[in-house]
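Bear in mind the structure is a predicted one, so any value in this text is a computation, not a measurement. Lettering of chains follows the sequences in order, A, B, ..., and the numbering in each one begins at 1. Just the heavy atoms: all of them, side chains too, but no hydrogens, waters or symmetry mates, feed the values below.
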Protein chains: 2
Amino acid sequence: MSDENKCCLFSPEDCARISRACVAFQLRRAARKVTKAFDEALRPSGLKITQFSLLTASFLQENQNVGRLAELLGMDRTTLSRNLKLLENRGLVKLEEGEDRREVRVSLTEEGLEAMEKAAPLWHQMQKQIVSGLGEFRWEAMMSELRLLGKALKK
Amino acid sequence: MSDENKCCLFSPEDCARISRACVAFQLRRAARKVTKAFDEALRPSGLKITQFSLLTASFLQENQNVGRLAELLGMDRTTLSRNLKLLENRGLVKLEEGEDRREVRVSLTEEGLEAMEKAAPLWHQMQKQIVSGLGEFRWEAMMSELRLLGKALKK
DNA sequence: GATATTTAAGTGTATATGCTCTTATCATGA
DNA sequence: TCATGATAAGAGCATATACACTTAAATATC
């Protein structure tokens, strides 16, 4: 790349500011790291943190339909659909036609419950480690900001 | 799922606490939402926020090798490798053998720079919207917490 | 009651992510 | 110089993510 082009619109300093400031970049990076930490911690349970989250949500929202569950989880319906399919293949959740036959209802199986129970203490340990690493106060603040961020992007 | 099993290890209330508290879940959810918002904002530029981030990083770290870049970005080397490959296919970055012939050196092409410049104002607008939606003060706090979180998980 | 509209979910396609294993190259020491 | 170990990156595999489009079922409208 030639020198005159390097200065078209932004300098390396501008660029560095973008990089440091970018909400998306920082959030995604943090999410990658935290995901990795939890995945390692949960490995003995055979679940990844995403799967543990889905099982937990399915337990909480027993017999919910896919669309509503996706909405609650803040994820795309089709993403959830595929992720649930994988859990169904492993026998961890049950997917059944609803009364409204367009709907698919989600529930945990016995095995799903067992997997969740096996993973729970591992989850708890890593969660404690992260919270204490960050400090209780900062952690509370961050959780609250993340929720606010979610609300701010609701529309 | 039978009733006696529902009480094995945790109640729905415990489960709700896990869900609300889980650092990984909240971070991933926030990352999904923010990613979506930026992807929509950047659409006219033909870049996704992840790609914009990579171009920016490549610009900042001109001629860096893949492994080091991955380290700086806090992502898996193999992930970065593949993502860069996609940008190379589109002619946005150049991947060249280094002096050490095991290494691959990354640099922006003219087109990559142009794409970045086209995306920058769109990025800026969404960034501003999110920051002001959250409030300058909370945003600063969150950025700092995310950086700390990263450091706490360094090892 | 037949047709049009709305709604729930699935499919096709593409990117993002990271683990494990492999390959190519470099550096080191006998 | 050759064997050995270290290092950089790629390949194979699997999951996570979401957009655009399609399909099937329920609802509304005439």
Side-chain angles (χ1 to χ4, degrees), chain A residues 24-25 27-43 46-55 57 64-71 73-90 92 95-106 153, chain B residues 24-25 27-43 46-55 57 64-71 73-90 92 95-106 153:
Chain A
F25 175 67
L27 261 178
R28 290 183 66 91
R29 178 159 69 174
R32 281 195 297 269
K33 290 195 173 189
V34 167
T35 299
K36 187 182 166 78
F38 273 99
D39 280 354
E40 277 167 12
L42 293 189
R43 192 162 308 166
L47 292 177
K48 304 183 68 174
I49 185 62
T50 46
Q51 298 164 339
F52 179 68
S53 293
L54 281 197
L55 292 182
Q64 188 58 271
N65 67 352
V66 175
R68 176 71 182 132
L69 203 50
E71 201 179 331
L73 293 169
M75 71 170 56
D76 191 87
R77 184 183 47 74
T78 65
T79 301
L80 178 59
S81 212
R82 285 175 223 259
N83 291 355
L84 285 172
K85 192 73 191 157
L86 293 172
L87 295 176
E88 188 195 29
N89 293 343
R90 289 173 60 181
L92 303 180
L95 302 177
E96 295 171 301
E97 193 176 72
E99 280 184 52
D100 180 335
R101 280 160 52 224
R102 290 172 302 182
E103 291 184 350
V104 169
R105 297 275 168 179
V106 185
L153 293 169
Chain B
F25 174 68
L27 263 179
R28 291 183 66 90
R29 178 160 66 175
R32 280 194 299 267
K33 289 195 174 188
V34 168
T35 299
K36 187 181 166 79
F38 274 99
D39 280 354
E40 276 167 14
L42 293 189
R43 192 163 307 168
L47 293 177
K48 304 184 67 173
I49 184 62
T50 47
Q51 298 164 340
F52 178 69
S53 294
L54 280 197
L55 293 182
Q64 189 57 271
N65 67 350
V66 175
R68 176 70 184 133
L69 203 51
E71 202 178 332
L73 293 169
M75 70 170 55
D76 191 85
R77 184 183 47 75
T78 65
T79 300
L80 178 59
S81 212
R82 284 173 224 258
N83 291 354
L84 285 173
K85 192 73 190 159
L86 293 173
L87 294 177
E88 188 194 28
N89 293 343
R90 288 172 61 179
L92 303 179
L95 301 177
E96 295 171 301
E97 193 175 72
E99 282 184 49
D100 180 336
R101 281 162 51 225
R102 290 170 303 182
E103 290 183 351
V104 169
R105 297 274 167 180
V106 184
L153 291 171

Does a side-chain N or O from B:R32 land closer than 4.0 Å to OP1 or OP2 of D:dT17, or not? yes
Under 4.0 Å between a side-chain N/O of B:T78 and OP1 or OP2 of D:dG10, yes or no? no
Within the 4.0 Å heavy-atom criterion, would you say B:R43 contacts the bases, only the backbone, or no part of the nucleic acid? sugar-phosphate
Here the distance between atom P of C:dT20 and atom CG of B:D76, to the nearest Å, is 10 Å
Any base atoms under 4.0 Å from A:R68, or only sugar-phosphate, or nothing? Heavy atoms, all strands. nothing
Looking only at side-chain N and O atoms, does B:R101 come under 4.0 Å of OP1 or OP2 in C:dC26? yes
Please work out if B:N65 contacts a base, only the sugar-phosphate, or nothing of the nucleic acid, heavy-atom cut-off 4.0 Å. sugar-phosphate
Rounded to whole Å, the CG-P distance (B:L54 to C:dT17) equals 8 Å
Look at all strands and tell whether A:R82 reaches a base, only sugar-phosphate, or nothing, counting heavy atoms closer than 4.0 Å. base
A:K85 side chain near D:dT15 phosphate (N/O to OP1/OP2, under 4.0 Å): no
Could you tell me the separation between the CG atom of A:D39 and the C1' atom of D:dA16, rounded to a whole number of Å? 11 Å
Would you mind reading off the distance between A:L73 atom CG and D:dA18 atom C1', rounded to a whole angstrom? 15 Å
State whether the side chain of B:R28 and the backbone N or O of A:T50 hold a donor-acceptor pair below 3.5 Å, judged by distance alone. no
Separation of atom CG in B:D100 from atom P in C:dT23, rounded to whole Å: 20 Å
Determine yes or no for a side-chain-to-main-chain donor-acceptor pair under 3.5 angstrom, with B:R43 supplying the side chain and B:K48 the backbone. no
Could you tell me whether A:T50 contacts a base, only the sugar-phosphate backbone, or nothing, with contacts defined as non-hydrogen atoms closer than 4.0 Å? sugar-phosphate
About how many Å separate CD1 of B:I49 and CG of B:L42, when rounded to the nearest 0.5 Å? 5.0 Å
Looking at CG of B:L153 and NZ of A:K36, how far apart are the two atoms once the value is rounded to the nearest 0.5 Å? 11.0 Å
Taking only the side-chain nitrogens and oxygens of B:N83, find out if one of them lies under 4.0 Å from OP1 or OP2 of C:dT15. no
For DNA chain D, whose closest nucleotide is more 5', that of A:R90 or that of B:K48? A:R90
Over all strands shown, is B:R77 touching base, sugar-phosphate only, or nothing at heavy-atom distances under 4.0 angstrom? base
Please determine whether a side-chain nitrogen of the Lys or Arg among A:R90 and A:E88 lies less than 4.0 Å from a carboxylate oxygen of the Asp or Glu. no
